[in-house]
Amino acid sequence: MVIDPVARSTDGEAVRIAKDVLCAGAGAKICLPEGPEEFARMLARRGQRRPVVIGDDRALLRVVGLLHKERELAAVPLSMVPVGAPAGVALSRALGIPTDTVAAARAVLDGSERPMDLLTDDSDGIVLGSLRIPCGEPARPGHGASVPRQSSPADAADPADQVDPADPAAPRGGPVDPEDPADGDAPWWRPYARTARTALSLLAAPAAGRRALGSGDGRTGGRRARVPGQRLRIEADGVLLADLDRPVRGVSVVPGGRAGSGSGAGGGGELAEVVVHWPGGGRSVRTRARAVTVSGADFHYRADALVGGPVRTRTWTVQPAAWRLQLPRD
């Protein structure tokens with residue numbers, strides 16, 4: 001039983017419940033790694049014991065990645081008790097693992113092994129649940145995105161409050177001293193008004209940024225940012241789905257079936273579901289394929305909970321029944 005350190009720090013009560021249920025139903029060796037290196041050492045010393053991971057999606061991906069590098073993934077059935085925020089266990093839920101701690105622990109004890117598909121890429125990376133392009137990360141300045149500048153206290157100050165640094169009689173900042181004759185002509189409320197204006201400007205800046213990034217058509221209310229098209233060449237089993245002459249809004253690849261179906265990823269007939277989305281609400285292209293190649297200018301991609309790139313070309317291939325996961329019998 002390998003308990004991820006993040007899970008211990010975020011939800012110690014759920015970790016305790018999982019340990020109690022598992023230890024009451026079977027003999028278990030509890031491992032408490034403090035970092036990735038110790039995590040890898042403990043997994044390597046598992047012997048003939050079945051690994052049980054208590055943690056979030058990143059902990060599951062770490063275990064699968066280590067076993068994949070050792071070329072032992074197909075021979076070692078995995079069990080998982082998700083512990084973390086809902087967004088941090090979304091992959092586990094999509095794979096069919098219960099997110100309730102007691103139900104997940106009981107599935108470890110009484111469930112059954114299911115063969116699961118995954119994607120491997122040409123850099124030996126893996127995808128268990130879904131691959132998405134673009135990755136959904138906030139754009140960085142200098143990469144074609146317009147990011148609103150956060151207002152600073154100096155930006156929010158009243159022009160009447162701006163002073164000339166060369167003026168020896170100008171105030172140098174800091175609180176006003178009521179006993180200082182030099183401040184005798186300034187109203188007593190001026191420092192407080194300045195503080196209030198600064199606070200209001202900082203509160204209003206995020207809302208202004210959202211309005212600037214909105215589509216501006218009056219229907220979104222500035223809540224949804226416009227996603228720019230990306231010029232990519234996308235091939236599925238050698239069939240061209242998109243080329244560089246037409247931008248795409250996004251690409252998703254799911255091994256073995258539909259993301260979020262709750263049935264795991266092992267029932268897709270050894271194929272992945274590929275969906276290409278177009279800007280402007282055009283009809284998406286859907287197909288199933290064994291291998292998907294994406295090429296274009298430097299692009300990032302999200303493989304489950306991890307972001308990869310930038311790369312100019314990458315090929316993902318379905319590996320059917322490449323790993324086994326303990327899931328509830330029903």
Side-chain angles (χ1 to χ4, degrees), residues 2-15 17-18 36 39 51-68 73 78-108 111 114 116-121 125-138 223-225 227 249-268 272-275 277 284 300-309 316 318 322-328 330:
V2 182
I3 304 176
D4 186 65
V6 177
R8 302 200 304 267
S9 62
T10 56
D11 196 344
E13 179 65 14
V15 171
I17 293 173
F39 195 105
V52 179
V53 183
I54 300 179
D56 59 9
D57 292 343
R58 290 179 180 269
L60 174 63
L61 292 169
R62 185 179 300 118
V63 171
V64 174
L66 290 170
L67 293 175
H68 174 68
L73 182 58
L78 292 177
S79 299
M80 173 77 173
V81 179
V83 174
V89 296
L91 170 61
S92 301
R93 181 170 55 251
L95 293 173
I97 304 173
T99 54
D100 177 76
T101 303
V102 175
R106 288 176 177 169
V108 172
R114 307 272 183 88
M116 310 292 285
D117 300 347
L118 57 77
L119 299 173
T120 57
D121 63 34
I126 58 173
V127 181
L128 303 183
S130 65
L131 167 74
R132 300 189 184 279
I133 305 171
C135 64
E137 291 292 292
R223 290 174 295 177
R224 184 181 298 273
V227 180
R249 182 168 60 87
V251 186
S252 63
V253 183
V254 179
R258 298 169 295 155
S261 64
S263 60
E273 182 176 3
V274 186
V275 183
H277 304 277
S284 301
H300 292 80
Y301 57 90
R302 178 176 290 276
D304 298 321
L306 307 177
V307 175
W316 289 270
V318 177
W323 64 300
R324 292 179 289 160
L325 182 64
Q326 188 89 349
L327 295 174
D330 55 358

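The basis for the numbers below is simple: all heavy atoms, side chains too, and nothing from hydrogens, waters or symmetry mates.
- Ala7 approaches Val15 most closely through the heavy-atom pair O-CG2, 3.7 Å.
- In Arg106, the CZ atom is not crowded: 12 or fewer heavy atoms of neighbouring residues, nucleotides or ligands sit closer than 6.0 Å.
- In this structure the side chain of Leu118 reaches within 4.5 angstrom of the side chain of Leu73, judged on heavy atoms.
- In terms of heavy atoms, Thr101 sits closest to Ala14 at CG2-O, 3.4 Å.
- The main-chain N or O of Val254 is never found under 3.5 Å from a side-chain atom of Glu273 such that the two would form a donor-acceptor pair.
- Each of Asp117, Ile126, Leu128 was scored for a side chain to side chain contact (heavy atoms under 4.5 Å, CB included) with Trp323, with one residue passing: Leu128.
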Evaluation steps, side-chain contact (heavy atoms from CB on, under 4.5 Å), between His300 and Ile133: CA-CA 7 Å; His300 292 80; Ile133 305 171; over 6 Å; no

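- Not one N or O on the side chain of Arg132 forms a donor-acceptor pair closer than 3.5 Å with the backbone of Ala303.
- Remark: the backbone N or O of Pro328 is paired with a side-chain donor or acceptor of Arg114 at under 3.5 angstrom.
- None of Leu78, Leu327, Val81 except one satisfies the side chain to side chain contact (heavy atoms under 4.5 Å, CB included) rule with Val108; the exception is Val81.
- Under the side chain to side chain contact (heavy atoms under 4.5 Å, CB included) test applied with Pro82, the options Ile97, Val53, Leu60 reduce to a single match, Ile97.
- Looking at every heavy atom in both residues, Ala103 comes nearest to Pro98 through CB-CB, 3.8 Å.
- The salt bridge (charged side-chain N to carboxylate O under 4.0 Å, His left out) check on Arg324 picks up Glu113, with sequence neighbours excluded.
- Counting only residues at least two apart or in different chains, salt bridge (charged side-chain N to carboxylate O under 4.0 Å, His left out) contacts with residues 51-68 comprise Asp4-Arg62.
- Every residue meeting the side chain to side chain contact (heavy atoms under 4.5 Å, CB included) condition with Asp121, not counting sequence neighbours, appears here in chain and number order: Ser123, Tyr301, Arg314, Trp316.
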side-chain contact (heavy atoms from CB on, under 4.5 Å) between Val127 and Val253, worked out: CA-CA 9 Å; Val127 181; Val253 183; over 6 Å; no

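- With values rounded to the nearest 0.5 angstrom, Thr120 atom OG1 is found 6.0 Å from His68 atom NE2.
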Derivation and outcome, side-chain contact (heavy atoms from CB on, under 4.5 Å), residues Val63 and Val2: CA-CA 10 Å; Val63 171; Val2 182; 5.8 Å; no

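- For the pair Asp304 (side chain) and Gly129 (backbone), a donor-acceptor distance under 3.5 Å is present.
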Trace of the side-chain contact (heavy atoms from CB on, under 4.5 Å) decision for Leu91 with Leu61: CA-CA 10 Å; Leu91 170 61; Leu61 292 169; 3.9 Å; yes

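- The nearest pair of heavy atoms linking Met80 to Ser92 is CE-OG, 3.7 Å.
- Nearest heavy atom pair, residue Ser284 against residue His277, reads OG-ND1, 3.2 Å.
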